[in-house]
Amino acid sequence: MTDIRNRKADHIALALQPKHQAQQSSGFDRLRFEPNPLPQMALEDINLGSQFLDQAVAAPFLIGAMTGGCDNGDLINQHLAEAAQACAIPMALGSQRAALEQGLAQNVRRWAPTAILLGNLGATQIQQQGLDLAKRAVDSVQANGLMIHLNPLQELIQPNGDRDWNLVLEAIQHCAVELEVPIIVKEVGAGIGPASAKKLMDAGVNWVEVAGRGGTSWASIELDRNGSEREREIAAPFIDWGMDTIELLPAVHAACPSLGLIGSGGVRHGLDIARCIRLGAQMTALAQPFLAPALESAEAVVEKMSTLQEQLRWAMFLTGSQDISDLRKAPIQ
Ligand SMILES: Cc1cc2nc3c(=O)[nH]c(=O)nc-3n(C[C@H](O)[C@H](O)[C@H](O)COP(=O)(O)O)c2cc1C
């Protein structure tokens, strides 16, 4: 277990380094809204309110899943959860595997009594340990939903990562049928495309978080941690593996129009949030941008959320969108 704790601490330190963000442009800049210099509304009248999992949220973004299970993980989660509660913004937890395997208390619900909280486990953990683990992940934090992450490239590069991905889809399907809360299947930065999204939908999954290329690169982070020359040589061509969030969103939306879609992977400000919504996402998620504020204080996370909301409001004003449903139709180039 010390191994997991050290790995998680490494992840936090490395995720803060700019060299582990995608080195090529995320492509978000390619999407331009047609400017509307006649907004015909007051900035303060714009409504960012949205619905997620049948609840009202202040704006269409959530705190993306970030690690727990290391020495300062509790404090990070406390700051994120307090801010989520204060701002009515949902929070996805990082992997609960370490806490569940060590039987540690997970206190997050205490800091966010009414916020939407999403549990998190790796798909291979569920494949190996079954539905019971998924139920415990949900019950231990009274989660409103469970996120299941798919990270095959990260597992290949990670020393001793999981390499047997047989029956993973079946394990997800079992959760979709048996759990009482919705499940959301996500990647971690390489993306989920239309073919996989269809398989997930057919397995009963109602929500997909694309987590495409463009932001935090887990291949880059795990390569940095891998001391084996041979494994580094094998992994090198895959450093940029995956597809950009901005390409994946319209493709998944077109292939699976009834699937709930969360745009993520390289979302860095409120204008990117607006772009994801315009391309078919109901919600968006940002992970790495919340990490530095979360290490500081709940107030710093609240401040970050307020900046994101103001940027989204500006994007809506400049496209003449009074609410999120107008933004979905805003003209683009
Ligand atoms: C420090 C850190 C830890 C993460 N831990 C998890 C995790 O435990 N489970 C998970 O599903 N995703 C995890 N992620 C991946 C993010 O949820 C997200 O999919 C990915 O970082 C891409 O989004 P970003 O570019 O906004 O960071 C983590 C990300 C960061 C930065």
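Only heavy atoms go into these numbers, but all of them, side chains included; no hydrogens, no water, no symmetry mates. When a ligand or atom number is given, it counts from 1 through the structure's own listing order. What you see is a predicted model, and the numbers here were worked out from it, not measured in a lab.
The distance criterion of under 3.5 Å between nitrogen or oxygen atoms is not met by E209 with respect to ligand 1. Annotation: G266 places an N or O atom under 3.5 Å from an N or O atom of ligand 1; distance criterion only. Of the polar atoms of A287, at least one N or O is found under 3.5 Å from an N or O of ligand 1, judged by distance alone. Distances between N or O atoms of H11 and those of ligand 1 include no value under 3.5 Å. In terms of polar-atom proximity, defined here as any N/O pair under 3.5 Å, A65 does make such a contact with ligand 1.
The distance from ligand 1 to the heavy atoms of G215 drops below 4.0 Å at these ligand atoms: 25 (O). Taking every heavy atom of E187 and a limit of under 4.0 angstrom, the matching atoms of ligand 1 come to 19 (O). Of all atoms in ligand 1, listed by their number and element, those nearer than 4.0 Å to a heavy atom of G94 are 8 (O). Listed by number with element, the atoms of ligand 1 under 4.0 Å from a non-hydrogen atom of S95 are 7 (C), 8 (O), 9 (N). Listed by number with element, the atoms of ligand 1 under 4.0 angstrom from any heavy atom of N120 are 9 (N), 10 (C), 11 (O).
The CZ atom of R328 lies 5.5 Å from the CD1 atom of I277; values are rounded to the nearest 0.5 Å. In this structure, CG on L48 lies 11.0 Å from OG on S321, to the nearest 0.5 angstrom.
Judged by the shortest distance from any of its heavy atoms, K186 lies inside the 4.0 Å radius around the atoms of ligand 1. Every heavy atom of S264 sits 4.0 Å or more from the atoms of ligand 1. The closest approach between a heavy atom of Q21 and any atom of ligand 1 is not below 4.0 Å.
Scanning for ring pair (Phe, Tyr, Trp, His ring centres under 6.0 Å) contacts around W111 gives an empty result, with sequence neighbours left out.
Between the side chains of Q333 and E34, no donor-acceptor pair of N or O atoms lies under 3.5 Å. Side chains of Q125 and E101: a donor-acceptor N/O pair is absent below 3.5 angstrom, by distance only.
In this structure, the side chains of P35 and L318 stay at 4.5 Å or more apart for every pair of heavy atoms. With a 4.5 Å cut-off on side-chain heavy atoms, M316 and D326 do not count as touching. Considering only heavy atoms from C-beta on, K186 stays 4.5 Å or farther from W207 through its side chain.
In A211, the part holding a heavy atom less than 4.0 Å from any atom of ligand 1 is the side chain. The proximity of R268 to ligand 1, defined as any non-hydrogen pair under 4.0 Å, is limited to the side chain. Under 4.0 Å from ligand 1, heavy atoms of T216 appear from its side chain as well as its backbone. Contacts between A15 and ligand 1, counted as non-hydrogen atom pairs separated by less than 4.0 Å, involve the side chain only.
Aromatic ring pairs are classed by plane angle as parallel below 30°, tilted from 30° to 60° and perpendicular above 60°; the pair F61 and F290 is parallel.
Cluster membership for L62 and L146, using ILVMFWY side-chain heavy atoms within less than 4.5 angstrom, is not shared.
Residue V188 holds the heavy atom nearest to atom 20 (C) of ligand 1 of all those in N151, I221, V188.
Clustering of Ile, Leu, Val, Met, Phe, Trp and Tyr by side-chain heavy atoms under 4.5 Å joins V188 with L14, W218, I221.
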